[in-house]
Structure formats: structure tokens, C-alpha cells
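Take a look at the structure below.
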Amino acid sequence: MIARVIVDVSTAAIDRPFDYRVPEHLEPFLQPGIRVHVPFGPRKVQGFVVGLADKSDLDMNKLKPIESVIDLEPVLTAEMLKLAEWLKDDTLCFYNDALQIMIPAALRATYSKIIQIRQPELVSDAFRRHLSKDNEVDFTVLEKENLISELKRHLDTSTAVIENRIRQKAKPKLQTVFEVIQPNAALSGNAKKQMAVLEWIQRTGKERFTLAELQQEVSVTAAVVEALVDKEILQKTRQEVYREIELLADTSVDKIVELTPTQQSVLQQIEQAQDELKSDVFLLHGITGSGKTEIYLQAIEHALSQGKEAIMLVPEIALTPQMVTRFKMRFGDQVAVLHSGLSIGEKYDEWRKIHRQEVRVVVGARSAIFAPFVNVGLIILDEEHESSYKQEDSPRYHAREVAKWRAAFAKCPVILGSATPSIESYARAKKGVYTLLELPSRANAKELPPVDLIDMREQLKGGNRSMFSIELIDAIRDRLQKKEQVVLFLNKRGFSSFVLCRDCGSTVQCPNCDISLTYHRMGEALRCHYCGYEEQVPTQCPHCESEHIRFFGTGTQKVEEEITRLFPEARTLRMDVDTTRTKGAHERILHHFGNHQADILLGTQMIAKGLDFPNVTLVGVLNADTSLHLADFRAAEKTFQLITQVSGRAGRHEKAGHVIVQTYDPEHYALTCSQTHDYVGFYTQEMQVRKVYQYPPFYYLTHIQISHQDVLTTSEYAARVADWLRVRLSHTTAVIGPTASAISRIQDRYRYQCMIKYKQEPKLTETLHQLLKLARTDWEKQGVRISIDLHPSTIV
DNA sequence: AGCACGCCGACT
DNA sequence: GTCGGCGTGCTC
């Protein structure tokens, strides 16, 4: 038997299956989708079995045997193996990366080179200091300590041996459980505590229990239980448990809401597709509060009643604990939750629940689209326009495209839901590629809140130089008096605080990247957002040595100070990357705000979606247009979506809401349309712009980035790429560039880019494959790197 | 990507 | 002579 294995090495030259002989004793365990350990060159690596065969193209005696199997059950289903093949071709990524993305990080291997010293008395004192009690040391430690030459001597004399170890990142969590062997054992009279334990066992009839369980009811220490173990009355065992995930635990049961006639007809169309096993794509366009979630829930229930499973994707679930709570309430322990806020171990546990078919619904962020269900009956992408559905590094996949692939495979429908659908999706719905479903009114018949656009230029003319308009200040004061709550949104997209010298006008730049360092109040540090470089805020300008150097720009911290100055009595909560770094911080902040322990919630992007607090009656957008003038063809779309979404946070319940948007460009259609909640109006105007400038959905884009340590080499190769493509692609296709990227240097590498704009280019992926092959065989040696993004979501 | 092999200059 | 620098090529 031959196994075809994709080894865990992501390089062009290795990017194909390798054949291995299956030793007879392993034959029963071998099946596609399991992981194995195999010898590869002089080392040992992990790999995925992607196929079995009787014979190989290579000589049998050239094949090495599989060393061992890691899994008894496949970690990848047959569907996932097929999906990986499609994914690698569609996104031009390595086969190995396509497979790795489908399993939880916990199952990804980490490799370490361990040096074992056979005769510790023969090594130097400096060397011996680093040895563990087993006389082992990690190779990287020796490298750091300059002990490599000594190591070489020990290797030559066999004083030391090298062992390559493959480890998993996380393991199933184990819990100590005490098993009752002799429930009626006799104890001596003075063993009162032990007696109490036995009594508890007899009373409750427990056969096995944990120490924590016991201690809740009986006040004993571990020593007492250990004594019972010594007497062989109890036995200690280890048992696998799932890591508990904290929720805003509301255990009450969600009541099924009565649907409006419109909702009813929408749901009916979806259910019909489910019943007829059609892989239709529905675009559910419903304004905030129109009850999309209830439709999702009922459609999922329908899938479950068909005996199938459902995948529900949300942009970043850690931000919307309310959504998770609602799903948990409706489907109880049938739900697994996957999002970036979980630890590697927690994600692994949730994944295993899916893999073992213990749950039937998964709610999760982008990568949850790879949930290893075997009988999918429905896939939902909520807020389908969100850019977080596109992975920005290899494999550069879009969850929406993967969803459509899986739906076609499983013969089930996909629901794309949004109040502000992406222009592309809405255009497809208009063309009839997707089925458009509309929910034009709010389920509770509440009016959408009025939106006021405040022209900040007028404020400036009137002498108001602060970042708060008079109107916004008055409105906030009014809400504070009424004991209502305020959400303030600071649009930070493409915007940050940096240190500026007021004499020479220079900013402090990152030494590795061509970008200004961002000022962080915490620790008075300057940090690079791209490479993580950090330094202290200088007291003098590095250029002209002036002392007039200070931070500039508007961060949430600065806004917070301003609020405190204007409204000293208000309690303010700030929610941004700095305050939400620790685990569970999101939930805590939102929980506080929900309990009205604060009057004002100030935040960035992360407060834009999903929040639903009845007492919020005012939403302020401090700077609507920072995202409007980005060098990105989606800038207007992003701004419209953002403003519309933020507006939706106000007045969702009994109390009427009000939205104030501050801008320097109040005539822009992205703002005027969001003021009137006019999606179709915005769509129509934006489509005209896209048509004129030949952008999606009229044209497709492919972005190619070339990088190298040397500027000239970079531009030279970028030009070569562009020329190479121009010769090969059809004449209706435009190859734009090369140009230096907006951030022309990141991590000490210069970056140039080309853009391909095309309407029809059937051979595009094939051509790009050839380009990659050429680049990877000939150019990579010179240190030239190339990356291709088909359908980029942002252009930076 | 790692790792071995091999060729060349520098040094005990 | 031998050590160690890195260019080249291979991995079932």
C-alpha cells in the first residue's frame, strides 16, 4: 500500500504529494484525512494523508515507510480534502496551507531540535548550565549562547545526539476524578473527615466525582481524599473534559418570536430551497432591527429538523456576545462557538465537539466555515459585507466563496445577510445570480432614528476648534440629564496618533517600515503597527533637536480626556485595542455599559456592530470622513456601511434615538444616503462611480505584490512581472503599474505592486500559477518575494 | 523550509 | 592540514 502525503513544509518545491510505503502493521489505520509522521530528507515531519494507492510512479525501493500515524480517526473529512484542493487552486496557496487552515491551531505541529547529552561530565560548565534534569537542551538555546562549536565536537564524539521532536500545541484537558471502589468500607472512629466523605458518597450515590464537586458540599481538604485513595477505597483516574467557555450566562430560554408576514414569506423561500436541496444563495437585505436573526434561527431549526447541521458565521463573534447568548439560549448545548477570543485549547475543544458530531450548530468567525460537519443543511453569513470574511494572508480565502463551495457540495442554501450588502453581492442579486430577499421595515415597527449631519467647517468658522460640535455637546448634556446613555464612535480607519515635531514638521518613523510610529499613552511608547517595533517617546526631535515635539492626531484616549473636561460628571468607558487586550475584556466593558455603570461608551470600529442597549438614545460619530478619502475604491462603501451601522445602535427600543454625524464633507453621497437610510440610493450612485472607473463589480481585480530588501531590485522585478503579464493576458485586460505600495517598506523590505483589471480572463489562474512557478524557481534565490491576492478586499 | 554536500579562503 | 564560510540542490 502507498500513501500520498502532503508534508508540513510550505514551499513551492515541496507543494505536491509525496509517496510513502505503508508498513503492514499500519495498513489498517491508513485512510485519507489522517495525519502521519514521515521521514523527509534527513528529518522527520508531520503530514496529511490525502490519498491511498496500490502503486507509485517511483520505484518501490525509493519510497520510505511511514513512521507512525497520529490519528486513528481522520481529522479531515473527504469533503475537506476536496475543498483543500479547490482552495489551493482558487487562492494560489500551498496545498499544505490549505489543509492546515481546516484544523484547529492546537493540532498544528511545532518542531523543536533537542540535544541530548550522553555524558554530561564531558561538557563545559557553560554548556552544562543550560541542561535540563534529563540532560537535554533546546538547539536554539545553544545557538543563542554561542555554544554551537562545542556542540559540534560533542556530536562528533557521540557525547551528544540530536533529536527532532514534533509536538502538538495543545492537548485534551484532563481532570482528576475519584472513582468509588468500596462505598461501604469501614473506617476507624477518629477519621471523622474521611467518614464525612463516605457519608456524602452513600447519600448521593456517586460513583465518580471531582474534588471540586465534593468540596462544594463537604468541607474537606485534598489530603483527606488522598488518604481514602491510599486505603484503596477510592481510585484516582484522569478524565478528558472540555474547557468551559465563559459567557454572559443568561440561562433563560429564548422565546420564539412570531414572524411578521414579510419575514414569514422570506423564511418560506429559504425553507423551500432547503427542502428541495437547492444550493441557492439568498441575499437577505434587512435594515437594522428588521429581525434577520430570528429568520436565521428559524431557518437553522428547519435544517436541524431535516436532521442536518448549520454553520452560522459572524464577523467577529467576540464583539457580539449578545448573538452567542441568543444562539446558546435557543439551541443549548447543540451549539459550538469558535472565535478569536478563545484560547488555542478552547478552540480545540469546540472543534472536537463538531468533529465528534456532539453539536449540530456552529457559530463562529471566518475560519468556522471549515467546521467539519458531514451533513450541512444551511450556511449563513451575517453582515456579509464585512471585510473580516476575507483572510488577508495566505490562504487568502473569502469565507463567502468557501460557503458557496460547501453549499454546492452539500446541496443546501446559503444566506448572506446584511443591512448594507456589499456592492458586489447586491449587484449579483440584481442580476439574478443570488435571490434577493428584502426586509424593508423594522420588526417592532420602530422608526429608524433621525440622523443629523454637522458640517465641521462651519464649527471651525464659528470659532469652535474642539472635536465636538456645539450640537453634539448639547445633545450629550441633554442625555446625561435624562440619565440616558450615549455611544460615541471614533472612526479610526487609516488614522492614528503620531509624534510630530512642530518646528521641522517631521514625524518619528519606524526604522524597518516606511510608516510613522503610533503614539501609545500606555508606557509613553511609540509603536509600529506593522512590525511591532517599540521605542520611548523622544523628548527631542531626532531631526532638528527641537523640544517642540508632541503627539498629534486623535486617539480614543485624547477624546476621553476631552470628554472628561467637557462633562466632568459623566462616567466614560473606553473600548479600543488598548482596553480590550486582555481576555474577556470586551464582555466586561459591554456588561458594565449594559448595567448603566457608565453614561458614555467611547470606541472605534469594534463598537459599530451588534450592540443592543435599550437605554442608548444618542449616537455620535466624531469624524465620519476619515475613511472617506482613503486610496481604496471601497472607501465610500465602507463609510456608508459604517455610518449606517453605527446609527443602528440608537433608539432600538421604546426610547427614541438620535444620531449626530460630524463631517467636513456633508454633501458626499455616502453621508447623505446614510442620513436618509437610503441603501438603494447609495448603491445606484456608487455603481455609476464603479462603472466609470472600471472597478468591481464591473471589473475584477488581482493584486500582485513584489518585495525585496533593495529598492532597485524590487522595482526591476515588479516591472518584469508587469511585462510578463502584459504579453500573456488578453488585450482587454489592463495591467496597472508597477507602483510603489502605499506603505513602501515593511519589515525592511521594499514593496511594489501591480494590479490586473479584467472582465474576462479564463486563463488567469493558470497564468498566475505559471508566474508563481517562475518567480519561485528563479527569483526566490535572489530574495525576491511575490504574493498574489485574487479579489483583494482592500488595496493598500 | 531545513539540511547535507562541496568548494574555497584563513588559521592553529 | 582542518575549520568554517555560504552557494547549490534535494527532499517520496
Side-chain angles (χ1 to χ4, degrees), chain A residues 1-24 26-27 30 32 34-70 88 92-101 108-115 124 138-158 160-167 393-395 707-710 713 747 749 772-787:
Chain A
M1 193 194 257
I2 307 293
R4 296 202 201 283
V5 177
I6 297 296
V7 292
D8 184 17
V9 179
S10 294
T11 332
I14 312 297
D15 188 32
R16 64 197 160 85
F18 282 79
D19 288 357
Y20 282 89
R21 192 161 53 73
V22 181
E24 219 166 281
L26 290 181
E27 274 192 22
L30 257 283
I34 67 161
R35 292 169 306 151
V36 288
H37 285 152
V38 290
F40 193 65
R43 58 212 168 109
K44 190 174 80 179
V45 295
Q46 196 173 98
F48 290 96
V49 175
V50 294
L52 298 173
D54 295 328
K55 57 179 180 3
S56 168
D57 293 340
L58 272 88
D59 235 25
M60 199 59 185
N61 55 28
K62 277 209 162 180
L63 301 189
K64 290 183 183 173
I66 283 178
E67 192 182 279
S68 60
V69 299
I70 304 173
K88 79 171 165 60
L92 303 166
C93 73
F94 298 126
Y95 204 160
N96 179 47
D97 291 341
L99 292 164
Q100 296 286 352
I101 194 81
R108 245 159 264 168
T110 53
Y111 299 87
S112 57
K113 217 168 14 167
I114 302 291
I115 314 300
S124 72
D138 198 295
F139 182 79
T140 52
V141 174
L142 298 179
E143 220 169 17
K144 211 165 57 222
E145 303 288 328
N146 272 329
L147 291 164
I148 299 297
S149 49
E150 186 183 344
L151 170 65
K152 253 184 197 153
R153 288 202 306 278
H154 297 321
L155 287 171
D156 289 343
T157 57
S158 296
V161 286
I162 293 186
E163 196 191 335
N164 282 297
R165 281 192 201 154
I166 305 176
R167 277 189 325 244
D393 44 78
S394 179
S707 72
H708 192 270
Q709 270 139 324
D710 178 66
T713 319
Q747 299 205 351
R749 297 182 68 84
L772 277 179
K773 205 172 150 194
L774 171 72
R776 283 168 179 167
T777 47
D778 291 4
W779 304 355
E780 210 150 75
K781 291 187 199 84
Q782 275 97 68
V784 177
R785 264 185 242 158
I786 181 165
S787 86

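Lettering follows sequence order; numbering is per chain, from 1. Only heavy atoms go into these numbers, but all of them, side chains included; no hydrogens, no water, no symmetry mates.
Considering A:I70, A:V36, A:V38 as possible partners of A:Q46, the one that fulfils the side chain to side chain contact (heavy atoms under 4.5 Å, CB included) test is A:I70.
Nucleic acid contact class of A:F40 (heavy atoms, under 4.0 Å, all strands): base. No contact: A:P17 has no heavy atom under 4.0 Å from any strand. Within 4.0 Å of A:R153, counting heavy atoms only, lies no atom of the nucleic acid at all.
Screening residues 1-10 of chain A for side-chain hydrogen bond (donor to acceptor under 3.5 Å, both in side chains), with sequence neighbours left out, gives A:R4-A:D19, A:D8-A:N96, A:D8-A:Q100, A:D8-A:Y111, A:S10-A:N96, A:S10-A:D97.
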For nucleotides 2-9 of chain B, list the nitrogen or oxygen atoms of the protein found under 3.5 Å from its nitrogen or oxygen atoms, one pair per line.
residue : atom : partner : partner atom : Å
B:dC3   : OP2  : A:K113  : NZ           : 3.2

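For A:K44, the salt bridge (charged side-chain N to carboxylate O under 4.0 Å, His left out) partners are A:E67, not counting sequence neighbours. With sequence neighbours excluded, no residue satisfies side chain to side chain donor-acceptor pair (under 3.5 Å) with A:N164. Applying the side chain to side chain donor-acceptor pair (under 3.5 Å) rule to A:H708 yields no partners; only residues at least two apart in sequence or on another chain are considered. Shown here are the ring pair (Phe, Tyr, Trp, His ring centres under 6.0 Å) partners of A:F139, two or more places apart in sequence or in another chain: there are none. Contacts of A:R21 classified as side chain to side chain donor-acceptor pair (under 3.5 Å), with partners at least two apart in sequence or in another chain: none. In this structure, the side chain to side chain donor-acceptor pair (under 3.5 Å) partners of A:T140, at least two apart in sequence or on a different chain, are A:D138. Under the ring pair (Phe, Tyr, Trp, His ring centres under 6.0 Å) criterion, A:Y95 pairs with no residue, sequence neighbours left out. Every residue meeting the salt bridge (charged side-chain N to carboxylate O under 4.0 Å, His left out) condition with A:R165, not counting sequence neighbours, appears here in chain and number order: A:E136, A:E163.
Rounding to whole angstrom units, CD1 of residue A:I14 and C1' of C:dC12 are separated by 10 Å. Atom P of nucleotide B:dA1 and atom CG of A:D97 are separated by 11 Å, given to the nearest angstrom. Counting to the nearest Å, the P atom of C:dT11 and the OH atom of A:Y95 are 21 Å from each other. Spacing between atom CZ of A:F18 and atom P of C:dC12 amounts to 7 Å, rounded to whole angstrom units. As rounded to whole Å, 11 Å separates atom P of C:dC10 from atom CZ of A:R16. When the P atom of C:dG4 is taken as reference, atom NZ of A:K152 falls 6 Å away, rounded to whole Å. For the pair A:F94 CZ and C:dT11 P, the interatomic distance rounds to 18 Å; values are reported in whole Å.
No more than 12 heavy atoms of other residues, nucleotides or ligands lie within 6.0 Å of CG in A:D54, so this atom counts as exposed by the packing criterion.
For the segment residues 44-56 of chain A, the set of residues with a heavy atom within less than 4.0 Å of an atom of DNA chain B is empty. Of the residues in residues 58-70 of chain A, those lying under 4.0 Å from DNA chain C by heavy-atom distance are A:L58, A:K62, A:L63, A:K64.
Listed nucleotides: C:dC12, C:dT11, C:dG4. Nearest to the side chain of A:A13: C:dT11.
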